[in-house]
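Scroll down for the structure; my scribbles are underneath it.
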Amino acid sequence: QVQLVESGGGLVQAGGSLRLSCAASGLTLRSYAMGWFRQAPGKDREFVEAISRIGVSTVDADSVKGRFTIYRDNAKNMVYLPMNSLKPEDTAVYYCAADLSPFRGVVTIASYEYGYWGQGAQVTVSS
């Protein structure tokens with residue numbers, strides 16, 4: 001059974017930093033591209049960042065470019081999302097997700113392409 005468990009969320013002031021972690025089990029992590037998505041109250045879930053299976057390629061949403069940097073440690077079955085220069089508009093529940101298809105050759109930003117999801121971690125940025 002695949003499980004993705006996020007941790008590291010919390011309350012931080014604007015300009016501060018957090019690092020989200022995603023612990024994966026039940027799958028061979030190096031076979032899957034991974035992504036982070038977020039959902040703010042009253043809004044649709046949106047793409048944040050994604051990383052290829054061995055971390056060679058990453059894709060960032062424009063809203064977080066230069067502030068967030070996804071990376072992974074396949075040996076530890078972990079994916080991370082360091083978040084710097086946080087803004088109140090970054091407030092959301094953040095979800096870790098694994099690609100629906102193992103060995104996909106490209107990194108996708110479409111949520112429907114991700115088949116496994118964590119329970120989410122709340123990030124709140126105060127102004």
Side-chain angles (χ1 to χ4, degrees):
Q1 181 180 356
V2 175
Q3 279 195 312
L4 302 175
V5 180
E6 301 94 337
S7 60
L11 173 64
V12 65
Q13 288 189 329
S17 299
L18 286 172
R19 188 183 75 163
L20 297 180
S21 299
C22 173
S25 60
L27 77 171
T28 304
L29 190 64
R30 65 179 182 273
S31 299
Y32 294 84
M34 298 293 293
W36 286 96
F37 293 78
R38 68 186 181 186
Q39 187 166 19
K43 295 188 177 181
D44 293 334
R45 187 173 299 186
E46 66 173 359
F47 168 77
V48 178
E49 299 218 340
I51 187 167
S52 60
R53 293 184 289 117
I54 58 172
V56 172
S57 300
T58 62
V59 180
D60 310 326
D62 288 343
S63 58
V64 305
K65 199 175 293 290
R67 301 188 298 122
F68 296 7
T69 308
I70 189 173
Y71 69 98
R72 64 194 296 163
D73 186 338
N74 287 339
K76 295 182 179 180
N77 284 345
M78 297 291 295
V79 182
Y80 303 96
L81 186 67
M83 304 181 293
N84 299 311
S85 302
L86 283 161
K87 305 175 182 180
E89 51 264 43
D90 294 319
T91 294
V93 177
Y94 283 71
Y95 298 91
C96 174
D99 197 324
L100 181 63
S101 301
F103 307 111
R104 192 192 301 267
V106 296
V107 178
T108 179
I109 67 171
S111 61
Y112 62 83
E113 300 276 25
Y114 288 82
Y116 307 100
W117 294 83
Q119 82 288 350
Q122 177 69 48
V123 172
T124 303
V125 184
S126 62
S127 57

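Computed from heavy atoms alone, side chains included, the values below leave out hydrogens, waters and symmetry copies. Fair warning: this is a prediction, and the values are worked out from it, not measured in the lab.
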note = What one should report as the nearest heavy-atom pair of Ser111 and Trp117 is O-CZ2, 3.5 Å
ask   = Can you find a pair of side-chain heavy atoms, one from Val123 and one from Leu20, that are under 4.5 Å apart?
value = yes
remark   = Shortest non-hydrogen pair, Gly35 vs Tyr114, comes out as N-CE2, 3.6 Å
Between Phe47 and Trp36, ring centroids under 6.0 Å = no
query = Would a 4.5 Å heavy-atom cut-off, applied to side chains only, mark Val59 and Glu49 as touching?
reply = no
ask   = So do Gln3 and Leu27 actually touch side chain to side chain, heavy atoms under 4.5 Å?
value = no
note = Between the OG atom in Ser57 and the CD1 atom in Ile51, the distance rounded to the nearest 0.5 Å is 9.0 Å
request  = State the OH-CG distance between Tyr112 and Leu100, to the nearest 0.5 angstrom.
outcome  = 11.0 Å
note = Correct closest heavy-atom pair for Ala98 and Leu4 would be N-CD1, 3.7 Å
ask   = Between atom CG of Leu29 and atom CZ of Arg53, what is the distance when rounded to the nearest 0.5 Å?
value = 11.0 Å
message = Tell me which pairs pass salt bridge (charged side-chain N to carboxylate O under 4.0 Å, His left out) where either residue lies in residues 4-26, with sequence neighbours left out.
response = none
query = Between SG of Cys22 and CD1 of Ile70, what distance do you get to the nearest 0.5 Å?
reply = 9.0 Å
ask   = Among Ser101, Ser52, Pro102, whose side-chain contact (heavy atoms from CB on, under 4.5 Å) with Tyr32 holds?
value = Pro102
query = Has Ile54 got more than 12 heavy atoms of other residues, nucleotides or ligands less than 6.0 Å from its CD1?
reply = no
Solution key, residues 76-96 side-chain donor-acceptor pairs under 3.5 Å, sequence neighbours excluded:
residue	atom	partner	partner atom	Å
Asn84	OD1	Ser17	OG	2.9
Asp90	OD1	Arg38	NH1	2.9
Asp90	OD1	Arg67	NH2	3.0
Asp90	OD2	Arg67	NH1	2.7
Asp90	OD2	Arg67	NH2	3.4
Asp90	OD2	Lys87	N	2.8
Thr91	OG1	Pro88	O	2.9
Thr91	OG1	Val125	N	2.9
Thr91	OG1	Val125	O	3.4
Tyr94	OH	Arg38	NH1	2.9
Tyr94	OH	Asp90	O	2.6

message = Under the salt bridge (charged side-chain N to carboxylate O under 4.0 Å, His left out) definition, can you give me all pairs with a residue in residues 100-109, not counting sequence neighbours?
response = Asp99-Arg104, Arg104-Glu113
